[in-house]
Amino acid sequence: MNYTHINLYDYFYGLVKQIPEGYITTYGELAKALGDIRAARAVGYMLSINEDPDGIPCYKVVHTDRRMGKYALGVEEKARRLRKDGIIISNGMVENFNERFFSDFKTDYPLAKLQEEQEKIASMADFAGDRDEENYAAIDVSYEGRTGYGALVYYDSGEYMVKNLEMKVNFPYIPGYLGYRESPFIEKLSVNVDALLLIDANGLLHPRKCGLATFAGVVLGRATIGVAKSLLMGKIDDTGYVVYNNEKLGYAINKHTIVSPGNMISLESSIKKIKLLGKNKYPAILKMVHNETVAMRKRRLPS
DNA sequence: GCGACAG
DNA sequence: ATCTTGTCGC
């Protein structure tokens with residue numbers, strides 16, 4: 001199945017260029033123009049790694065509470081550039097904020113559209129049944145800026161096999177949209193690997209029931225289980241289930257091992273599988289693949 | 001004012 | 001995830 005492959009970095013930098021001369025906006029307002037306020041931190045991140053500070057005027061972006069915010073070339077330089085545009089700065093705060101606030105972005109709210117797509121993908125997911133594969137594989141990705149270092153560790157009758165993949169990413173980390181960032185890695189790494197896929201993320205346990213494990217599972221037509229290291233949403237009840245809106249969407253093997261079904265498997269069967277892999281601990285194969293991605297990144301980053 | 005916010 | 005350019009809600 002196909003899904004939207006948007007370059008959110010390019011789209012975002014295009015929005016920043018829309019801020020008119022003499023105006024400022026906020027991290028949050030840019031996030032809303034992208035289609036989701038939850039992207040506010042990603043806005044700051046994308047500005048921070050912007051390679052063209054003269055072409056893309058990130059100094060025009062400030063905090064919602066009027067604080068000036070940070071700048072790669074230093075806050076002094078940010079203040080200098082803002083003052084040159086007629087923005088009044090005192091004590092690190094924007095004084096003429098209301099008069100100079102720009103929010104009229106020309107946008108079609110891409111993240112809002114991706115949310116609709118996630119709902120559609122979730123409706124195609126299969127959260128029922130057992131799996132009888134003996135073989136399983138785990139996938140993870142580590143990052144340095146826009147470069148992702150992905151790995152797959154495949155277990156087959158006593159043997160471990162490793163695959164690696166280095167790729168540029170066009171989508172930042174935004175809570176709730178991990179599928180759009182990491183699915184390309186899962187797609188390429190899992191080719192010709194006949195195994196149940198363990199994904200370092202959630203599946204069903206997601207605001208739109210479309211965490212990375214589900215997203216990639218449906219898109220690739222593969223069986224997946226999500227194993228996250230922390231809670232995205234919901235509460236762990238006294239029997240270990242993660243409950244959200246009175247629905248059991250996941251299960252906490254422990255505080256740092258949160259299981260939820262991805263695709264072609266039930267929650268109960270997912271729990272059984274992960275418990276089999278390592279008693280009540282985080283599965284060793286996920287630890288292995290994570291270590292592998294970190295090693296890849298450090299190899300490429302001699303420090 | 002502090003926590004929530006997959007990776 | 002890395003090593004830091006956020007915002008909202010309790």
Side-chain angles (χ1 to χ4, degrees), chain A residues 12 16 24-32 34 36-50 53 56-75 77-79 81-82 92 94 118 139-151 169 171-183 185-186 198-216 224-235 242 244 249-250 252 255-260 262 282 286 289-291 293-294 296-298 301 303:
Chain A
F12 170 74
V16 178
I24 49 100
T25 192
T26 65
Y27 301 99
E29 202 59 34
L30 277 163
K32 287 181 201 161
L34 283 173
D36 191 339
I37 184 63
R38 298 186 75 190
R41 274 203 303 200
V43 163
Y45 179 70
M46 289 190 283
L47 292 172
S48 78
I49 64 166
N50 158 33
I56 300 159
C58 19
Y59 70 91
K60 295 176 180 174
V61 186
V62 301
H63 282 278
T64 298
D65 63 7
R66 300 177 172 224
R67 278 180 298 130
M68 222 176 33
K70 303 184 185 176
Y71 195 53
L73 306 175
V75 284
E77 179 61 14
K78 187 166 184 173
R81 293 188 183 205
L82 285 170
V94 177
Q118 288 178 323
I139 300 175
D140 193 18
V141 187
S142 171
Y143 295 91
E144 166 64 29
R146 282 182 67 169
T147 307
Y149 301 90
V169 294
F171 206 98
Y173 171 70
I174 304 170
Y177 301 85
L178 191 53
Y180 292 96
R181 178 166 168 85
E182 293 199 0
S183 288
F185 289 89
I186 297 174
L198 310 186
I199 311 294
D200 179 29
N202 290 304
L204 173 64
L205 182 54
H206 179 275
R208 294 168 288 284
K209 302 188 174 179
C210 196
L212 170 61
T214 299
F215 188 98
T224 59
I225 298 176
V227 185
K229 288 189 287 295
S230 68
L231 207 52
L232 169 64
M233 57 177 221
K235 287 228 164 64
V242 182
Y244 184 78
L249 301 179
K255 205 112 174 77
H256 303 287
T257 311
I258 319 284
V259 176
S260 65
Y282 189 76
L286 277 161
V289 74
H290 182 256
N291 290 343
T293 64
V294 172
M296 285 171 71
R297 173 165 52 81
K298 300 212 161 151
L301 210 80
S303 56

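Each chain gets a letter, A, B and so on, in the order the sequences are listed, and its residues count up from 1.
- No contact: A:His256 has no heavy atom under 4.0 Å from any strand.
- You'll find that the side chain of A:Lys78 is closest to C:dT5, out of C:dT5, C:dA1, B:dG7.
- Residue-level contact check: A:Met233 touches the backbone only, with heavy atoms under 4.0 Å from sugar-phosphate atoms and none from bases.
- As the counterpart of B:dC2, C:dG9 is assigned, both hydrogen-bonding distances of the Watson-Crick or G-U wobble pattern falling under 3.5 Å.
- By the 6.0 Å and 45° rule, A:Arg146 does not stack over the aromatic ring of A:Tyr45.
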How far apart are the C-alpha atoms of A:Tyr143 and A:Glu182, what are their side-chain angles, what is the distance that settles it, and do they pass the side chain to side chain donor-acceptor pair (under 3.5 Å) test?
CA-CA 11 Å; A:Tyr143 295 91; A:Glu182 293 199 0; 3.1 Å; yes
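- Among the nucleotides C:dT5, C:dT7, B:dG7, the one closest to any side-chain atom of A:Glu182 is B:dG7.
- Here the side chain of A:Asp140 is nearest to one of C:dT5, C:dC3, B:dG7, namely B:dG7.
- Here B:dC5 is the nucleotide among B:dG7, C:dT5, B:dC5 with the atom lying nearest to any side-chain atom of A:Leu232.
- Within 4.0 Å of A:Tyr180, counting heavy atoms only, lies no atom of the nucleic acid at all.
- Counting non-hydrogen atoms under 4.0 angstrom, A:Ser230 reaches the backbone sugars and phosphates but no base.
- Checked against C:dA1, C:dT7, B:dC5, the side chain of A:Pro175 finds its nearest nucleotide in B:dC5.
- Residue A:Leu205 is classed as having no contact, given no heavy-atom separation below 4.0 Å to the nucleic acid.
- Comparing atom distances between the A:Lys229 side chain and each of C:dT5, B:dC5, C:dA1 picks out C:dA1 as nearest.
- Just one residue in the list A:Thr214, A:Thr224, A:Asp140 forms a side chain to side chain contact (heavy atoms under 4.5 Å, CB included) with A:Ile199, and that residue is A:Thr224.
- Counting only heavy atoms from C-beta on, A:Arg38 has its side chain closest to B:dC5 among C:dT7, B:dC5, C:dT4.
- Looking at heavy-atom distances under 4.0 Å, A:Asp65 makes no contact with the nucleic acid at all.
- As judged by a 4.0 angstrom heavy-atom cut-off over every strand, A:Ala228 is placed among residues touching the sugar-phosphate backbone only.
- Just one residue in the list A:Val43, A:Val61, A:Val16, A:Val62 forms a side chain to side chain contact (heavy atoms under 4.5 Å, CB included) with A:Thr25, and that residue is A:Val61.
- Looking at A:Tyr27, its side chain comes within 3.5 Å of the base of C:dT5 through a donor and an acceptor atom.
- You'll find that the side chain of A:His63 is closest to C:dT7, out of C:dT7, C:dT5, B:dG7.
- With hydrogens and angles ignored, the 3.5 Å screen pairs no side-chain donor or acceptor of A:Ser260 with any backbone N or O of A:Asn202.
- The side chain of A:Ile37 lies closest to C:dC8 when the candidates are B:dG7, C:dC8, C:dT5.
- The C1' atoms of C:dT4 and B:dC5 are separated by 15 Å, rounded to the nearest whole Å.
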